[in-house]
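Right, one structure below, let's go through it.
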Amino acid sequence: MVYNPREIEKKWQKYWDENGIFEPSNDFSKEKKYILSMFPYPSGKIHMGHVRNYSIGDAIARNYRKLGFNVLHPIGWDSFGMPAENAAIKNKTHPKKWTYENIDYMRNELNSLGLSFAKTREFATSDPLYTKHEQNLFIQMYNKGLVYQKSSKLNWCDTCQTVLANEQVEDGKCWRCDNLVQQREMPGYYLKITAYAQALLDDMKELKNGWPSQVLSMQENWIGRSEGLEFDFTLDEDSQEKLNHKFEKYTVFTTRPDTIYGVTYSALAPEHPIINHLIEHNLLDPSSVEKIKQMRQVGARDRAMAQKEGLALGINVIHPLTGKKIPVWVANFVLIEYGGGAVMAVPAHDERDFEFASKYGLSITQSISVNTKEFDGNCAICDYGVTINSGVFTGLSSSQAKEQIIAHFEKYGKGKKVINYKLRDWGISRQRYWGAPIPMIHCPNCGLVPEAIENLPVALPEDVVIDGEGNPLVKHPTWKHTICPTCKTQAIRETDTMDTFFQSSWYFLRYTTDASLWQESAFDRASSDYWMSVDQYVGGIEHAILHLLYARFFTKVLRDLGYTNASEPFENLLTQGMVLKDGSKMSKSKGNTVDPDSIIKQFGADTARLFILFAAPPAKELEWNDSAVEGAFRFIKRLADRSNNVSKVHTLPQIDHTKLPDTSKYARKKVYEALKKSQEVFTNGYAFNTLIAACMEALNALGVQEDKAVWSEGYFILLNILEPIIPHICWELSDSLFDLKNFTKIQIQEEVFDEAVVVLAVTINGKKRAEISVAKDASKEQIFAYAKEECAKWLVDQTLIKEIFVPNKLVNLVVK
RNA sequence: GCCCGGAUGGCGGAAUUGGUAGACGCAAGGGACUUAAAAUCCCUCGCUCAUUACGAGCGUGCCGGUUCAAUUCCGGCUUCGGGCACCA
C-alpha cells in the first residue's frame, strides 16, 4: 500500500465527525473514564506543547474507548484574558472578534490532528451562557460568606491607569510604558480559599498515588502550614501612655517558643496599626516617618530582595516570662499579612533577627545550646538543642520546651497553640474589560448587593473603547448605571471583572453535562456524579500550584454548596514536560519554533503524534529532532507497506504454536509482548515511548518470518495497539483488512511465552562470562554442570565457594 | 538560602521486587539495487588495548559501603534543571 497521509487523514476525520464516534453515552450504567487535557487559551495558533498535551490525552481516551469504557474526552476554550485586549490595542480589533476567530482557526488545527474529542460539549468560557452560570456560582459563594471585599496593595501604573499583575512588572517598571510601578491600596474581591487550607492539605493524601510527588510538595509548601505559639506582648506603662492608651498589647506568633528566653527585641511590620497611630499623632520624628513611608512603598517582591532596615519606635513591651523590658522596632522584613504583623525577635537563634540585631547593635542572648556548635556571635544557631538561660524551663530539649512553654501560656491564659498558613485569600478582581463581570451592585441605600439571579448574565457591553488606559467598563458611558435589585433605586454596577482562573476552576464540571441541559444549569448533578472525578488530567507543570489548587478549592466549595459529590477534581494527574528545540523552550522570541501545521502538511498528523510520543516519556522534556520525525514517518510507511503480507480476516487466526518455525514463534512472542506492554503502559505511567519501541520490535520480528497466519495475527494486534497513537492509518488499514473488528480488547495468548529452551547468563563473581541454552525443565545440577563446562577456562586454579541460580535469568559462580 | 527532580553511547532514550547495561529510534560508516538520484533493503556501531583468537580490560556524574551480584539499596559529595523565596 502506498501511504498517503493527507488523503487517509481527511477521510477518517470526516468519518469520525459524521458518525459521532467520540461522543460520550448518557447511559450511566456503563463503566466510565473521564480523560481531560487542559483546555487551551485561544492565542491564535496551536504550538508543539499543545500537540504533545492533546496527543497524550487522546491516546489515553482512545485506549479506554477500545476497552469498552464510556469515555468523556472534551475540549473547550479558556477564552477570557489579557492577550485579547492587547491585540485589540495593537490591531484595533474587538477582543470578542479576535478571540472567536482564533477559536475557529485553532479548532481546525486540532481537528487536523485527529483528536477524539466530544465535539458536542465544546464551549468557550467567554460565552455569555457560561458567564451566566458562573456569576450565579459567584453569588452562591458570596451568600455563603466565601467572597468578601477588602482593600490591599496592588501594583499600579499611573500612566496606564490600571492594576498590573506581578508578572507584568519588570524591574519595578510597567511592562508596557516603562513607568515606575507604585503600590496602591485598591479595593477588590477575595475568595476565602484560606477557609479550605486544612482540607486542601488533608485531601492530598488521596492524591498521593495519582499525582506527581513534586506537584504535591509544591502545593504543600504553598499552603505552608506551621504550628506554634501565639501570645500577646503587653506594652509597658510609659508606652501605653505614649499611645494615649489606645493600645495595651499586640499579638505575635512564633514556631519556636523554646527560644523565648532569647527574645531581646520585638519588631513590627511597617503597616502595623501601632505605627499608624505613632505617625498620626506625631510621635515619631519626621525622618523616621519618611523612612517608614519609604518602606511601605516597596512591593512585596522587592522587599524580599532588600537589605534589612528598621528603626526603634521608642516604645517597649514586657517579656511575658521574664518581665524584662524589651524595645520595639519597626522592620521591613516583617510582613503585615502573616502572624499578626509582629514578631518576637531572637537574634541568637534566627538568621533574620540576627542580621537585624547585628546591623543595629541590639543585644543578643543565647537560650538554646546545640552541642555540635556553640554560639560565637557570627551567626545564628537555628537548630534544635537544649534550653539554657531559660528560667524554670532550662535544661529541656527543644521539643519538650515547646510543649511545656505552650502549656504554660495556655494555663495562664497568656497565649495559645495556633496553626498558621502562608496561603492567602485569592484576589479575583481585575480592572479589565475582557473577563466575566463580577455580578455585584453598589447601591446608595443597600450597600453592596448581588445582582438578581434572573438578571444574569451581567454581560459585557460590546461598544467599548480599548486603548490600554483604564478600565473600559468604567469609561463606558452607560453600562455601569443600573437599578438596585433590592430597593429599585439608581445604583452602580461593579466594573471589576474576574481573574480568568475563576473560569478554569470549574470548566471540567460543565463538561460532564450533556449540552442539551446547559441552558438550565451550570452542570447537572446526576451527570457530574457519574463522570467526576476526572480519571486522568493532562497538562503542563506550570499549573502545578495556581490552577490546580484553585480547581481543588472550587470542587470542595461546590460540593459544600450541594452541586457535586466530588471532593477532588482530578484523581490522576500527568504533568507533561516542555517541548524544546536546540536545548531551550520553543518560543517566538527565540525564533526556535516548529509549526505543527507544517509538520502535519509534510508528514501527516500520525507522524506528528508518533514522533511526539516516541521521543521521550510524557513527563520529561522533549527535544525536537527533525530527522527523528522522518524516522517516525518511515515507520508508518513500513507498517502500511507490510499490509501486503496480510490476508483479510475477521477474527484472530487459529495458530498451532508448536508447529511454527523459530522465527515465527519469536515474532508471535514479540507481538504479544507488545500487547502486554500496551496493557501496562496505560495503567502505569504512560511510557508510550517503550510501547512504540515494542511495536517496532514486533514488526521487525514479523518481517523476518513468512507464516501468513502469524502475519495476520500480528498485524491484527499491532493495529489494535497503535490505534491510540496513530489512529488514521490504523483505521484505514483495519477497515480494509479486518473491517474494524480488531479495535476491541484482545486476550493475550500465554502459550507464546512458553519456551522449550531458555537462555541463561553465566556469571563468575557477577561478571558475565558465557551464555548457555538449557531445556526449560533442566535440573539445577544439570545447569551448574553445563555452566562450569562452558566456563572451564575461568575456573582453572580457582576454588568454587558458592553456586547461585536465578530461574530464567542466570547462574552465578562464586570463586576465590 | 530552603524544598523537589535529574545525571546511562555522538544524540533521544530502554532496562520487574538488586540478576546478561545500552532495547527501540536518530546520526554516522560500509554494502546491495539503480544509467543516476531518491526511496527501499542488508551489515557495523559504548570506550580502550589487541586484532592470532567469537580475545582482554574498563564502563550508568564522583567517592565510599552493603551484597554472590548495584544504573537499581545506604552514606557522603559534584553538577544541571525546576519551584519557593525574609511566612517568624
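Proteins come first, then strands; the chains are lettered A, B, ... in the order of their sequence lines, and each starts at number 1.
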Take atom [atom1] in [N] and the same atom in [M], then report the distance between them in whole Å.
{"N": "B:G64", "M": "B:A56", "atom1": "P", "value": "26 Å"}
{"N": "B:A27", "M": "B:C45", "atom1": "C1'", "value": "11 Å"}
{"N": "B:U34", "M": "B:U71", "atom1": "P", "value": "50 Å"}

*Determine yes or no for a side-chain-to-main-chain donor-acceptor pair under 3.5 angstrom, with A:Tyr250 supplying the side chain and A:Ala342 the backbone.*
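Pair absent, no side-chain N/O of A:Tyr250 close to backbone of A:Ala342.
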*State which of B:C41, B:G19, B:C86 makes the closest approach to the side chain of A:Phe333.*
B:C86
Strictly by modelled atom types, are [X] and [Y] linked by a side-chain donor-acceptor pair under 3.5 Å?
{"X": "A:Tyr421", "Y": "A:Gln198", "value": "yes"}
{"X": "A:Thr607", "Y": "A:Tyr3", "value": "no"}
{"X": "A:Asn332", "Y": "A:Glu309", "value": "no"}

*Base, sugar-phosphate, or nothing for A:Lys308, non-hydrogen atoms under 4.0 angstrom?*
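The answer is base, as A:Lys308 lies within the cut-off (heavy atoms under 4.0 Å) of a base atom.
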*Quick one: label A:Asn420 by what it contacts on the DNA or RNA (base, sugar-phosphate, nothing), any heavy atom closer than 4.0 Å.*
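Counting heavy atoms under 4.0 Å across all strands, no contact is made by A:Asn420.
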*asked:* Enumerate the side chain to side chain donor-acceptor pair (under 3.5 Å) contacts for residues 627-646 of chain A, please, sequence neighbours excluded, ordered by first and then second residue.
replied: A:Asn625-A:Ser627
*What residues, two or more places apart in sequence or in another chain, satisfy side chain to side chain contact (heavy atoms under 4.5 Å, CB included) together with A:Val594?*
A:Met48, A:Lys581, A:Met586, A:Ile599, A:Trp624
*In B/S/- notation, 5' to 3', how is nucleotides 54-65 of chain B contacted by protein heavy atoms closer than 4.0 Å?*
-SSSS-------
*Should the pair A:Phe409 and A:Phe231 be assigned to parallel (<30°), tilted (30 to 60°) or perpendicular (>60°) ring geometry?*
tilted
_salt bridge (charged side-chain N to carboxylate O under 4.0 Å, His left out) for A:Lys676 and A:Glu673? Distances and angles first, verdict last._
CA-CA 5 Å; A:Lys676 212 176 218 176; A:Glu673 268 175 13; over 6 Å; no
*Please work out which residues in residues 619-627 of chain A have a non-hydrogen atom less than 4.0 Å from an atom of RNA chain B and list them by number.*
A:Lys620, A:Glu621, A:Asn625, A:Ser627
Would you say [X] places a side-chain N or O within less than 4.0 Å of OP1 or OP2 belonging to [N]?
{"X": "A:Arg638", "N": "B:C41", "answer": "yes"}
{"X": "A:Arg634", "N": "B:C26", "answer": "yes"}
{"X": "A:Ser226", "N": "B:A88", "answer": "yes"}
{"X": "A:Asn700", "N": "B:G25", "answer": "yes"}

*Any chance you could encode RNA chain B as dot-bracket? Rule is Watson-Crick or G-U wobble with both distances under 3.5 Å; [ ] for pairs crossing earlier ones, | for another strand.*
(((((((..(((......[....))).(((((.......))))).((((.....))))..(((((..]....))))))))))))....
*Gap between atoms NZ and C1', on A:Lys422 and B:A85 respectively (whole Å)*: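 Atom NZ in A:Lys422 sits about 8 Å away from atom C1' in B:A85.
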Quiz: residues 757-772 of chain A side-chain donor-acceptor pairs under 3.5 angstrom, not counting sequence neighbours:
residue  : atom : partner  : partner atom : Å
A:Thr763 : OG1  : A:Val811 : O            : 3.2
A:Thr763 : OG1  : A:Asn812 : OD1          : 2.7
A:Asn765 : OD1  : A:Val815 : N            : 3.0
A:Lys768 : NZ   : A:Glu771 : OE2          : 3.1

